[in-house]
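Atom set for the values below is all heavy atoms of this structure, side chains included, hydrogens, waters and symmetry mates excluded. Throughout, protein chains are lettered first and strands after them, A, B, ... in sequence-line order, and every chain is numbered starting at 1.
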Number of protein chains: 2
Amino acid sequence: MPNRILLVEDDAALGQQVVQTLSQAGFDPHWVQDGDSARDIDPDGYRLIILDLMLPGTYGMDLLKRYRLKSEVPVLILSARDDTSDKVRGLKLGADDYVTKPFFPEELVARIQACLRRPNLIETQRLTVGSIQIDLERREARTAGGALSLTPVEFEILALLARRKGSAVSRDAIVDAVLDPAHDGSRRTLDVHVSRLRSKLGDAAAQLETVWGIGYRLADRP
Amino acid sequence: MPNRILLVEDDAALGQQVVQTLSQAGFDPHWVQDGDSARDIDPDGYRLIILDLMLPGTYGMDLLKRYRLKSEVPVLILSARDDTSDKVRGLKLGADDYVTKPFFPEELVARIQACLRRPNLIETQRLTVGSIQIDLERREARTAGGALSLTPVEFEILALLARRKGSAVSRDAIVDAVLDPAHDGSRRTLDVHVSRLRSKLGDAAAQLETVWGIGYRLADRP
DNA sequence: GGTCCGCGTTAAGAATCCCTTAAGGTTCGC
DNA sequence: GCGAACCTTAAGGGATTCTTAACGCGGACC
């Protein structure tokens, strides 16, 4: 699902217009026209969801709550011109941005791209990498096996790799960011932390890959 | 403090205008012009706070975080016209509404009244975290074992952790919010309060977890 | 005014945690 | 097969936190 976007919008004219705009911008829009149809869709099947709050059937806000229970997928709200309180509630429930009707197609595309460019950047304190979940706010990491009991350094290493999930991070960068800069002695210290981190990760340890001659990488697939 | 409102706004002309508007609407505005002055104000001394995000000194977003640590007071954000991302961040951090500059005085007053009418204060007078219940109004905490006899500082620590239930809260943040800022002496004071709090919590003490190298966390499950 | 009591703070030793180092083994690239 | 890079284990010691006891300030009560 490279660029699949779910559009939940009951207004036929507006929906058609948005679908066309998204297609031209290189996205792959899927359009459903009422809340009840949207209820049972798996949000993780999409890169982003555009949600109109004024819907027949299930109310938009309930859909947002429902999606947020299962997934971290970015959600962009469409709202009527003056409905500030809905915007406020939506954003507090975890929406990533809002667009006020009426809008120019270019604005919508720009907002979508902004959301995708910084997925979860807006103070979303949770990172998910494969089967590893990290909650920066709670300062807690968990895998399928349950919560992990990590030391501060282990947690920081994992969080750092998770923030750059999929890419190799150099040993120096990790040491700089995580370890006490005063002790720039032994180069083996990081190994030890990584080793213990792996043993605590259990099955998910396979995701913490060594990149030979460079450093480490947290694979985003198990 | 029947209608006391705190206005944090650096622009002199705008501030004056808002003060006048609020006075005419029957409020009692207090105006500070920079973030540093606003830092040490007790937010619970006001019924509502109006916060401009673009400030000299302490940044508005930091003020918002700071207020939210201590208090549930409604906060209304003033933001520049196009600064959507600031709005989004502010609302996620717990602001109650936003007003875009420039605005009509009537709009501001209407928004303030809507905030005050909203029952979110009443809702949050009681906090429940696992088997711990806290009534901010009665200033009373209880567990399965019955009501606790807490000192003011102990109660504040518990309430602060409860407001951010599940999240790790740093020692500094707790000390800042709860203890006398004049005495920034021994770093062990907080330990003692926590220790005594735990002994009073009885079985529920297990919920008050130490987050090593960070601070404490009140687990939302027993 | 004097005394008592509640409460925040300080101090100090104990307990716990965890970062680092060292040493020997393993894997990788060539 | 060789050297370099990396992994694992164990142990020491420093840092952080916990607990207990005592101090002192301030308000309440007599």
Side-chain angles (χ1 to χ4, degrees), chain A residues 139-141 147-161 168-219, chain B residues 70 139-141 147-161 168-202 204-219:
Chain A
R139 214 179 166 78
E140 185 183 77
L148 305 176
S149 157
L150 302 181
T151 73
V153 168
E154 286 157 9
F155 185 88
E156 290 297 338
I157 293 173
L158 187 61
L160 172 58
L161 292 173
V169 183
S170 76
R171 299 175 66 90
D172 282 347
I174 301 175
V175 169
D176 271 8
V178 171
L179 298 182
D180 186 358
H183 298 66
D184 42 12
S186 165
R187 297 270 153 63
R188 298 269 63 81
T189 299
L190 179 58
D191 301 23
V192 179
H193 289 300
V194 170
S195 170
R196 279 202 286 247
L197 183 52
R198 278 178 174 143
S199 68
K200 289 180 182 178
L201 280 172
D203 290 340
Q207 282 184 65
L208 208 176
E209 303 170 349
T210 300
V211 184
W212 240 81
I214 304 294
Y216 299 91
R217 166 177 51 213
L218 200 59
Chain B
K70 302 174 125 178
R139 221 179 161 74
E140 183 184 78
L148 305 175
S149 154
L150 302 181
T151 73
V153 168
E154 286 157 9
F155 185 87
E156 288 298 335
I157 293 173
L158 187 60
L160 169 57
L161 292 173
V169 184
S170 75
R171 299 174 66 90
D172 282 347
I174 301 174
V175 170
D176 262 18
V178 171
L179 300 181
D180 186 357
H183 298 66
D184 42 12
S186 165
R187 295 273 153 64
R188 300 270 64 81
T189 299
L190 179 59
D191 302 23
V192 179
H193 290 300
V194 170
S195 171
R196 285 202 278 241
L197 182 52
R198 285 210 254 240
S199 67
K200 289 180 182 177
L201 280 172
Q207 281 184 66
L208 208 176
E209 304 171 349
T210 299
V211 184
W212 239 83
I214 303 294
Y216 300 92
R217 166 175 51 209
L218 200 59

Would you give a per-nucleotide map of nucleotides 11-28 of chain D, 5' to 3', where B means the base has a protein non-hydrogen atom under 4.0 Å away, S means only the sugar-phosphate does, and - means neither? -----BBBBB--------

Nearest whole angstrom, please: distance from the [atom2] of [N] to the [atom1] of [X].
X	N	atom1	atom2	value
Glu156(A)	dC19(C)	CD	C1'	14 Å
Leu190(A)	dC7(D)	CG	P	9 Å
Ile157(A)	dC19(C)	CD1	C1'	11 Å
Ile174(A)	dC19(C)	CD1	P	15 Å
Leu197(A)	dT20(C)	CG	C1'	17 Å

Close side-chain approach of Asp191(B) and Arg171(B), heavy atoms under 4.5 Å: yes

Taking the side chain as every heavy atom from C-beta outward, state whether Leu158(B) and Leu218(B) have any atom pair closer than 4.5 Å. yes

For dT20(C), does OP1 or OP2 lie under 4.0 Å from any side-chain N or O of His193(A)?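 So the side chain of His193(A) is within the cut-off, an N or O lying under 4.0 Å from OP1 or OP2 of dT20(C).
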
Examine dT10(C): is either OP1 or OP2 under 4.0 Å from a nitrogen or oxygen in the side chain of Thr189(B)? Give yes or no. yes

Pairs meeting criterion salt bridge (charged side-chain N to carboxylate O under 4.0 Å, His left out) with involvement of residues 206-217 of chain B, two or more places apart: Glu209(B)-Arg217(B)

Let me know which of Ile174(A), Val169(A), Ile157(A) forms a side-chain contact (heavy atoms from CB on, under 4.5 Å) with Tyr216(A).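 With Tyr216(A) as partner, side-chain contact (heavy atoms from CB on, under 4.5 Å) holds for just one option, Ile174(A).
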
Residue whose nearest DNA chain C nucleotide is more 5′ - Pro152(B) or Pro152(A):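 The 5'-side residue here is Pro152(B).
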
For Glu154(B) and Lys200(A), find the nucleotide of DNA chain C closest to each by heavy atoms; which residue's nucleotide sits nearer the 5' end?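 Final value for this comparison: Glu154(B).
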
Can Arg198(B) and Glu154(B) be counted as an ion pair, charged N to O under 4.0 angstrom? no

If you take all heavy atoms of Leu150(A) and Ala141(A), which pair is closest and at what distance? CD1-CB, 3.9 Å

